[in-house]
Amino acid sequence: MNDILEELYMGYFLEQHKPSPETRAATRKEGEALGKLLPGLGGDTVEELQARQSEPLISSNLDWFREGFRLGVSLMLEAM
């Protein structure tokens, strides 16, 4: 069974958009920091580190998205 809230959160139904200037600046800074780490750690280690860091964030953000979605639906039902 598909989890429609996860599909909505992951953006399967959204059009692509350009990142904000703030997002681009943060991405650039992250790239610079990783560029300093890469020679010492190796590319595979840095990629694994990034993957391990993103997994809990994605899971947590999905939980908050579900909570917010359910709150929104509850508010719409209350308004009816």
Side-chain angles (χ1 to χ4, degrees):
M1 182 161 97
N2 290 343
D3 183 348
I4 189 68
L5 290 181
E6 183 175 0
E7 290 179 8
L8 284 170
Y9 172 75
M10 296 302 284
Y12 297 135
F13 304 105
L14 298 177
E15 300 267 335
Q16 293 293 326
H17 66 280
K18 293 182 180 181
S20 68
E22 294 83 9
T23 301
R24 285 195 301 272
T27 302
R28 181 182 46 76
K29 287 180 183 178
E30 180 184 28
E32 291 170 358
L34 286 175
K36 293 175 184 175
L37 289 174
L38 193 59
L41 295 176
D44 291 341
T45 304
V46 172
E47 286 180 20
E48 183 177 347
L49 177 63
Q50 286 178 313
R52 299 297 164 254
Q53 287 176 325
S54 67
E55 286 173 5
L57 292 174
I58 290 171
S59 179
S60 175
N61 288 345
L62 176 58
D63 289 341
W64 282 109
F65 177 79
R66 281 189 177 119
E67 189 74 25
F69 187 89
R70 290 180 181 132
L71 173 63
V73 169
S74 297
L75 290 171
M76 288 190 290
L77 290 173
E78 184 70 28
M80 294 177 85

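Numbering starts at 1 and runs along the sequence shown.
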Asks: Quick check on the hydrophobic clustering: are Leu5 and Trp64 connected, directly or via other members, by side-chain heavy-atom contacts under 4.5 Å?
Replies: no
Asks: Enter the distance from Asn61:CG to Met10:CE here, rounded to the nearest 0.5 Å.
Replies: 10.5 Å
Asks: Evaluate whether atom CD of Glu78 has more than 12 neighbouring non-hydrogen atoms of other residues, nucleotides or ligands under 6.0 angstrom away.
Replies: no
Asks: Out of curiosity, Met80 CE to Leu75 CG, how far, rounded to the nearest 0.5 Å?
Replies: 13.0 Å
Asks: Quick one: do Leu57 and Phe65 end up in the same hydrophobic cluster if we chain Ile, Leu, Val, Met, Phe, Trp and Tyr together by side-chain heavy atoms under 4.5 Å apart?
Replies: no
Asks: Output yes when Glu32 and Arg28 qualify as a salt bridge under the 4.0 Å nitrogen-oxygen rule, no when they do not.
Replies: yes
Asks: Where the side chain of Ser74 meets the backbone of Arg70, is there a donor-acceptor pair that is under 3.5 Å apart?
Replies: yes
Asks: Counting only heavy atoms not in Gln50, do more than 12 fall under 6.0 Å of its CD?
Replies: yes
Asks: Would you compute the distance between atom CD of Glu6 and atom CD1 of Ile58 and round it to the nearest 0.5 angstrom?
Replies: 10.0 Å
Asks: Would Leu71 end up clustered with Ile4 when hydrophobic side chains under 4.5 Å apart are linked, directly or stepwise?
Replies: no
Asks: In this structure, would Leu34 and Leu49 fall into the same cluster of hydrophobic residues linked by side-chain contacts under 4.5 Å?
Replies: no
